Amino acid sequence: QGQLVESGGGLVQPGGSLRLSCDASGFTLDYYHIGWFRQAPGKEREGVSCISSSDGTTDYADSVKGRFTISRDNGKNMVYLQMNRLKPEDTAVYYCATEFSHPLYGTRCRNNVGDFGSWGQGTQVTVSS
């Protein structure tokens with residue numbers, strides 16, 4: 001079983017940027033959808049973005065479209081979330097997660113917590129002046 005380790009979180013001012021990384025050691029990323037999720041205090045975990053195994057199709061929550069970009073480097077077993085023009089409402093713990101989906105299945109990921117089975121421990125992102 002692989003392990004997911006997030007990094008890159010921190011404190012940033014509104015309008016700033018952060019790049020989150022997810023080290024997916026032990027996973028053959030070609031065979032997995034990858035998702036980024038977040039959970040703010042007192043709120044349910046929600047999908048932020050995902051990228052599909054089959055064709056690299058991406059999906060984003062409406063709240064982050066145009067500001068966040070997900071990417072993957074299967075050769076390095078790394079997944080990234082570039083976050084620009086950050087807002088205070090982006091403050092949350094951010095998690096990466098995997099869902100097994102062989103590329104021959106041809107399925108596309110969804111930003112659905114229940115679809116993903118393996119999770120990292122999370123990294124805190126705080127947007128505040």
Side-chain angles (χ1 to χ4, degrees):
Q1 182 69 16
Q3 186 178 10
L4 301 171
V5 179
E6 303 92 337
S7 61
L11 173 64
V12 63
Q13 291 187 342
S17 297
L18 282 175
R19 187 194 195 205
L20 303 185
S21 299
C22 175
D23 185 341
S25 299
F27 288 92
T28 303
L29 288 188
D30 303 74
Y31 298 147
Y32 290 86
H33 296 331
I34 308 294
W36 283 98
F37 298 81
R38 67 186 181 187
Q39 188 166 17
K43 295 187 176 182
E44 293 187 353
R45 192 169 298 187
E46 63 175 359
V48 175
S49 180
C50 66
I51 184 166
S52 301
S53 63
S54 56
D55 58 4
T57 301
T58 57
D59 191 25
Y60 296 92
D62 288 342
S63 58
V64 306
K65 280 181 182 177
R67 300 188 297 123
F68 290 12
T69 303
I70 189 171
S71 61
R72 61 196 295 167
D73 185 333
N74 289 1
K76 294 182 178 179
N77 270 10
M78 294 294 295
V79 185
Y80 306 99
L81 185 68
Q82 178 67 43
M83 305 187 297
N84 298 327
R85 303 200 307 276
L86 282 160
K87 304 175 181 180
E89 51 264 43
D90 295 319
T91 296
V93 178
Y94 283 72
Y95 301 87
C96 66
T98 62
E99 174 195 0
F100 179 80
S101 179
H102 196 287
L104 292 180
Y105 297 167
T107 61
R108 292 183 175 175
C109 66
R110 300 180 301 168
N111 284 318
N112 184 2
V113 172
D115 289 352
F116 289 78
S118 295
W119 295 81
Q121 84 291 346
T123 185
Q124 176 70 47
V125 171
T126 302
V127 184
S128 175
S129 55

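Below, all heavy atoms of this structure are taken into account, side chains as well, without hydrogens, waters or symmetry copies. Predicted model only: the values in this text are computed from it and were never measured.
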Quiz item: Under the side chain to side chain contact (heavy atoms under 4.5 Å, CB included) criterion, do L11 and S128 qualify, and how do the steps go?
Solution: CA-CA 7 Å; L11 173 64; S128 175; 4.2 Å; yes
Quiz prompt | T57 vs D55, side chain to side chain donor-acceptor pair (under 3.5 Å): CA-CA, chis, key distance, verdict | solution = CA-CA 5 Å; T57 301; D55 58 4; 2.6 Å; yes
Practice problem: Answer whether the closest heavy-atom distance between the side chains of K76 and D23 falls below 4.5 Å. | Solution: no
Quiz item: So, does N111 use its side chain to make a donor-acceptor pair with the main chain of G35 at under 3.5 Å?
Solution: no
Quiz item: Are V64 and Y80 in one and the same hydrophobic cluster, where Ile, Leu, Val, Met, Phe, Trp and Tyr link if side-chain heavy atoms are under 4.5 Å apart?
Solution: no
Quiz item: Nearest 0.5 Å, what's the OG-OH distance between S118 and Y32?
Solution: 6.5 Å
Quiz item: When rounded to the nearest 0.5 angstrom, what distance separates OH in Y94 from CZ in R38?
Solution: 4.0 Å
Exercise. Report the distance from atom CD of Q3 to atom CG of N77, rounding to the nearest 0.5 Å.
Key: 12.0 Å
Self-check item: Shortest non-hydrogen contact between P14 and S129, atoms and distance
Solution: CD-N, 3.7 Å
Quiz item: Between Q121 and Y95, which heavy-atom pair has the shortest distance, and what is it?
Solution: O-CE2, 3.5 Å
Quiz item: Side-chain contact, heavy-atom cut-off 4.5 Å: T123 with S7?
Solution: no
Self-check item: Distance (rounded to the nearest 0.5 Å) between Q82 CD and I70 CD1
Solution: 12.5 Å
Quiz item: Which distance, rounded to the nearest 0.5 Å, do you find between the CG of N74 and the CD1 of I51?
Solution: 8.0 Å
Self-check item: F68 vs L18 side-chain heavy atoms within contact, under 4.5 Å
Solution: no
Self-check item: Shared hydrophobic cluster for M83 and V48 (ILVMFWY, side-chain gaps under 4.5 Å)
Solution: yes
Quiz item: Should W119 and F100 be regarded as members of a common hydrophobic cluster, given that ILVMFWY residues are connected when their side-chain heavy atoms come within less than 4.5 Å of each other, either directly or indirectly?
Solution: no
Quiz item: Is the backbone N or O of Y31 less than 3.5 Å from a side-chain atom of H102, with the two atoms forming a donor-acceptor pair by type?
Solution: no
Quiz item: Do R67 and Y60 come within less than 4.5 Å of each other through their side chains, counting heavy atoms only?
Solution: no
Quiz item: Above 12 or not: heavy atoms from other molecules or residues under 6.0 Å from CD of E44?
Solution: no
Quiz item: For the side chain of N84 and the backbone of S17, is there at least one donor-acceptor N/O pair under 3.5 Å apart?
Solution: no
Quiz prompt | 4.5 Å side-chain heavy-atom contact, S53 and Y105 | solution = no
Quiz item: For the residue pair C96 and E6, what are the closest heavy atoms and their distance?
Solution: N-OE2, 2.9 Å
Quiz item: At their closest point, which heavy atom of F37 faces which heavy atom of R45, and how far apart are they?
Solution: CB-CG, 4.0 Å
Quiz item: Is there a salt bridge (charged side-chain N to carboxylate O under 4.0 Å, His left out) between D90 and K87 once you walk through the steps?
Solution: CA-CA 5 Å; D90 295 319; K87 304 175 181 180; over 6 Å; no
Quiz item: Which heavy atom of L29 sits nearest a heavy atom of D73, and at what distance?
Solution: CD1-O, 4.4 Å
Quiz item: Got a donor-acceptor contact below 3.5 angstrom from the R108 side chain to the D59 backbone?
Solution: no
Quiz item: Side-chain heavy atoms under 4.5 angstrom apart, residues restricted to Ile, Leu, Val, Met, Phe, Trp, Tyr: same cluster for V12 and L81?
Solution: yes
Quiz item: Taking C22 as the fixed residue, which of L4, I34, T98 is the one that meets the side chain to side chain contact (heavy atoms under 4.5 Å, CB included) rule?
Solution: L4
Quiz item: Under a 4.5 Å side-chain heavy-atom rule over Ile, Leu, Val, Met, Phe, Trp and Tyr, are L20 and L86 clustered together?
Solution: yes
Exercise. Rounded to the nearest 0.5 Å, what's the gap from CG on D30 to CZ on R72? Could you check?
Key: 7.0 Å
Exercise. Search all heavy atoms of T107 against all heavy atoms of S101 and return the closest pair with its distance.
Key: OG1-OG, 2.7 Å
